Amino acid sequence: MIPAVPAMAKGDDSEGSVYYLNFKPEQADQWSDLAKKYTDETGVPVTVVTAASGTYESTLKSEMAKDEVPTLFQVNGPVGLASWKDYCYDLKDSDVYKNVESDDFVLKDDSGAVDGIAYVIETYGIIYNKALLKKYCEMDGAVIKSADEINNFETLKKVADDIQAKKDDLGVDGAFTSAGFDSSSDWRFKTHLANLPIYYEYKEDGITSTDAIKGTYLDNFKNLFDLYITDSTCEPSLLSSKTIDDANAEFGLGEAVFYQNGTWAYDNIKDNEVADEDMGMLPIYIGVDGEEDQGLCTGSENYWCVNKKADEKDIQATLDFLSWVITSDEGRESISQEMGFTTPFKTFDENYESANPLVKAADEYVKAGKTPVSWNFTTMPSEEWKNQVGSAMLEYAQGTGEWDAVKTAFVDGWAKEYKAANEG
């Protein structure tokens with residue numbers, strides 16, 4: 001469902017106005033509050049519209065066809081940029097670009113124009129409840145004595161299997177939260193989990209993208225997915241209707257020990273049964289040699305782009321708004337504390353470090369010298385590829401399809417979708 005877009009606020013025409021189409025539903029309220037603060041301070045109207053989960057691309061296409069177009073929008077990386085590069089204002093002279101830590105967080109075209117700038121660096125892995133895992137470790141027959149012992153797939157599987165067997169004694173419904181496959185949740189598997197076999201294949205082959213994935217690590221991918229759907233709070237037959245809200249509640253209420261998600265999930269699981277100090281994060285282990293040295297999955301798929309087809313006054317108003325967001329006390333406080341983001345901007349010093357405990361967990365892996373897993377899912381050839389992989393994964397989970405169909409969607413689908421996206 002595409003959200004209704006409020007009428008654009010009108011102010012002094014000489015100042016222009018800002019219309020931000022936000023990608024992240026979990027920060028919708030904070031962006032709206034920040035927009036109001038800016039308008040109160042400057043008089044410049046700022047409208048924030050947040051696309052429903054899983055609908056950003058379709059919402060953006062719809063809004064770009066209207067009279068009042070977004071002046072600020074997002075793309076998820078090089079593949080997403082390809083669809084919108086003709087709309088991207090060159091940000092090379094902007095305050096935002098001047099304050100970015102490195103071009104590692106920038107999308108540039110062949111001419112050197114800055115088309116997009118990442119505004120949040122995020123991390124995902126397997127979030128876990130430290131208190132519950134400690135309670136498990138103290139049970140008779142526990143296969144580990146400390147969470148620190150979980151540093152590979154083999155150990156993770158032994159622990160999850162044992163927790164599932166002892167779930168009643170531990171007081172949980174399952175080791176893992178439900179692996180929901182409705183549109184609010186399926187990206188955790190068809191995109192984020194699927195990143196792992198891509199990452200290891202790219203690493204082995206010394207590449208950063210490909211027109212034909214081989215699927216070298218799909219058996220590893222299967223092993224962890226099997227764990228998610230068997231050592232779970234629900235039967236696999238229910239996964240098609242399970243949502244991200246279900247998973248958030250299961251973890252937040254202490255009904256599951258493990259939950260694959262990222263730093264952004266903090267807002268949706270805090271203030272429940274799990275205290276901040278009891279939130280930890282493990283790498284996503286899939287049984288690859290040397291994974292003991294693997295860190296968490298870190299990167300960005302959130303790049304700000306300014307719409308060069310908007311009115312010139314609105315473009316300038318948008319650039320001014322972005323500068324305020326990353327330099328003002330109000331903006332930096334909101335981004336780092338209320339939204340819980342880690343940013344790539346020089347303006348965020350130690351006074352504006354995120355209070356998000358999951359961000360702190362991610363920092364601990366970096367300090368320990370673990371190798372972060374890069375976000376390679378931005379090279380996935382299309383949204384249709386993800387959907388076909390996700391559909392095959394659900395059929396497999398429910399017992400109505402075979403794993404071979406997942407492999408076919410992953411490998412053959414990649415070549416097909418890459419060719420379709422790059423023809424001409």
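Quantities reported herein were computed from a predicted structural model and do not represent experimental measurements. This chain uses plain numbering: 1 for the first residue, then up along the sequence.
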Regarding [X] and [Y], do their side chains bring together a donor and an acceptor under 3.5 Å, going by distance alone?
| X | Y | answer |
| --- | --- | --- |
| Asp182 | Ser184 | yes |
| Thr155 | Asn152 | yes |
| Glu291 | Tyr200 | no |
| Asp329 | Tyr352 | yes |
| Glu255 | Thr233 | no |
| Tyr199 | Gln294 | no |
| Asp103 | Tyr97 | yes |
| Gln164 | Thr230 | no |
| Gln260 | Tyr228 | yes |

[X] atom [atom1], neighbour heavy-atom count above 12 within 6.0 Å:
| X | atom1 | result |
| --- | --- | --- |
| Asp29 | CG | no |
| Glu384 | CD | yes |
| Glu333 | CD | yes |
| Lys386 | NZ | yes |
| Lys416 | NZ | no |
| Asp289 | CG | no |

N/O donor-acceptor pair under 3.5 Å between [X] side chain and [Y] backbone:
| X | Y | value |
| --- | --- | --- |
| Asn356 | Thr263 | yes |
| Gln30 | Glu338 | yes |
| Asn272 | Leu253 | no |
| Thr177 | Ala256 | no |

Consider side-chain contact (heavy atoms from CB on, under 4.5 Å). Of Leu358, Thr342, Asn302, Thr298, which one does Glu122 pass it with?
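Of Leu358, Thr342, Asn302, Thr298, side-chain contact (heavy atoms from CB on, under 4.5 Å) with Glu122 is met by Asn302 alone.
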With Tyr136 as reference, evaluate Val143, Asp169, Asn129 under the side-chain contact (heavy atoms from CB on, under 4.5 Å) test and give the passing residue.
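When side-chain contact (heavy atoms from CB on, under 4.5 Å) is applied between Tyr136 and each of Val143, Asp169, Asn129, only Val143 qualifies.
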Using a strict cut-off of less than 4.0 Å between a Lys/Arg side-chain nitrogen and an Asp/Glu carboxylate oxygen, indicate whether [X] and [Y] qualify as a salt bridge.
| X | Y | result |
| --- | --- | --- |
| Lys24 | Glu26 | yes |
| Lys37 | Asp33 | no |
| Lys158 | Glu149 | no |
| Asp162 | Lys166 | yes |
| Glu364 | Lys360 | no |

Determine whether Asn376 and Ser374 satisfy the following criterion, side-chain hydrogen bond (donor to acceptor under 3.5 Å, both in side chains), listing intermediate values before the conclusion.
CA-CA 6 Å; Asn376 301 106; Ser374 56; 3.0 Å; yes
Enumerate the ring-ring contact (aromatic ring centres under 6.0 Å, His included) contacts for residues 138-169, please, sequence neighbours excluded, ordered by first and then second residue.
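Pairs touching residues 138-169 that pass the test: none.
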Among Trp304, Trp31, Trp264, Tyr56, ring pair (Phe, Tyr, Trp, His ring centres under 6.0 Å) partner for Phe23:
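Single ring pair (Phe, Tyr, Trp, His ring centres under 6.0 Å) partner of Phe23 among Trp304, Trp31, Trp264, Tyr56: Tyr56.
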Out of Tyr217, Trp385, Tyr396, which one pairs with Phe410 under the ring pair (Phe, Tyr, Trp, His ring centres under 6.0 Å) rule?
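Between Phe410 and the candidates, ring pair (Phe, Tyr, Trp, His ring centres under 6.0 Å) is satisfied uniquely by Trp385.
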Would you mind telling me which of Glu235, Glu250, Lys242 makes a side-chain hydrogen bond (donor to acceptor under 3.5 Å, both in side chains) with Ser178?
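Testing Ser178 for a side-chain hydrogen bond (donor to acceptor under 3.5 Å, both in side chains) against Glu235, Glu250, Lys242 leaves exactly one candidate, Glu250.
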Stepwise, does the salt bridge (charged side-chain N to carboxylate O under 4.0 Å, His left out) test hold for Glu138 with Lys134?
CA-CA 6 Å; Glu138 293 169 350; Lys134 182 174 184 292; 2.7 Å; yes
Close side-chain approach of Glu101 to Phe348, heavy-atom, < 4.5 Å
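No, their side chains stay 4.5 Å or more apart.
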Quick check on the 6.0 Å ring-centre criterion: do Phe377 and Trp187 meet it?
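No, too far apart.
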Applying side-chain contact (heavy atoms from CB on, under 4.5 Å), run through Asp115 and Trp84 and close with a yes or a no.
CA-CA 9 Å; Asp115 289 333; Trp84 296 103; over 6 Å; no
Mind telling me whether Tyr202 and Trp414 have parallel, tilted or perpendicular rings, with 30° and 60° as the class edges?
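Trp414 and Tyr202: perpendicular rings.
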What's the verdict on side-chain hydrogen bond (donor to acceptor under 3.5 Å, both in side chains) for Asp276 and Tyr266, showing C-alpha distance, side-chain angles and the deciding distance?
CA-CA 9 Å; Asp276 280 11; Tyr266 172 60; 2.5 Å; yes
